[in-house]
Amino acid sequence: MDFDEQYWTDRYDTGNDRWDIGHVSTPIKEYIDQLTNKDVKILIPGAGNSHEAEYIYNQGFTNIYVCDLSATPLDNLKNRVPHFPQDHLIHGDFFKIEDQFDLVIEQTFFCALDPSFRKQYVDQMSTIIKSTGNLAGLLFGKVFEREGPPFGGLLEDYKVLFSEKFDIKEMSLCTNSIDSRVGNELFINMKSQKPLAY
Ligand SMILES: C[S@@+](CC[C@H](N)C(=O)[O-])C[C@H]1O[C@@H](n2cnc3c(N)ncnc32)[C@H](O)[C@@H]1O
């Protein structure tokens, strides 16, 4: 199946969006709460209804972008948070982004992609994250019985995949998951391995 814009928009339009927890995910909230520099340039790809972006924006972070293939959830964010900068809503394909960010937040986007895109995901993350930047967030740490999305995976395989381009600071069972995801998700925090530009 082609998980294209139409596929995702149909899922939003038919209310078939069980991934949407309706609020910022606790592990991401707690990660954001300990950041002190509110000027960091943040991207949330595959942001969907963007509860994380809404939280981060409302905490006073000034430079946050969201990207989604589907316009529907971006419109929902616009309606909920009218002051969110419109030019920070990227309606398009994550793999085509050419900008650079200090921090990319992962929240049920990696698992939405067909696993054949995983290497491309890591390559694109490495391209768009600055040499001093981080990729942080959540990955499902289990294999699902049903065909995805969501597509799950295992910590050992993720370590091999991401260590090609990132220094993995943390990749471990998440200790502050929301109830419905306890035991199923890993918290990740990785640093770009790109050399610093002189
Ligand atoms: C499972 S949903 C997760 C949404 C959101 N992160 C959340 O937790 O509620 C995956 C999202 O990724 C978006 N998406 C899928 N492929 C994409 C791509 N190549 N570029 C940008 N967004 C994409 C979909 O439209 C959908 O909104």
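In each ligand, atom 1 is the first atom listed, and ligand 1 is the first ligand listed.
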Task: Neighbour count >12 (heavy atoms, 6.0 Å) for atom CD, Glu145 - done: no

- [ ] Mark yes when over 12 heavy atoms from residues, nucleotides or ligands other than Tyr55 sit less than 6.0 Å from its OH; otherwise mark no.
- [x] yes

TODO: Would you indicate whether the side-chain heavy atoms of Asp123 and Phe95 approach each other to under 4.5 Å?
DONE: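 Sidechains of Asp123 and Phe95: no contact.
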
TODO: Report yes if some heavy atom in the side chain of Lys41 is under 4.5 Å from a heavy atom in the side chain of Asp99; otherwise report no.
DONE: yes

So what's ligand 1 close to, N/O to N/O, under 3.5 Å?
| residue | atom | partner | partner atom | Å |
| --- | --- | --- | --- | --- |
| ligand 1 | 6 (N) | Gly46 | O | 2.8 |
| ligand 1 | 6 (N) | Gln107 | O | 2.7 |
| ligand 1 | 6 (N) | Thr108 | OG1 | 3.3 |
| ligand 1 | 8 (O) | Thr108 | OG1 | 2.6 |
| ligand 1 | 19 (N) | Asp93 | OD1 | 2.9 |
| ligand 1 | 20 (N) | Phe94 | N | 2.9 |
| ligand 1 | 22 (N) | Leu69 | N | 3.1 |
| ligand 1 | 25 (O) | Asp68 | OD1 | 2.5 |
| ligand 1 | 27 (O) | Tyr12 | OH | 2.6 |
| ligand 1 | 27 (O) | Asp68 | OD1 | 3.2 |
| ligand 1 | 27 (O) | Asp68 | OD2 | 2.7 |

Task: Aromatic ring proximity, centroids under 6.0 angstrom, Phe110 and Phe162 - done: yes

- [ ] Applying ring-ring contact (aromatic ring centres under 6.0 Å, His included), name anything that partners His88, two or more places apart in sequence or on another chain.
- [x]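 His88 satisfies ring-ring contact (aromatic ring centres under 6.0 Å, His included) with Tyr65 only.
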
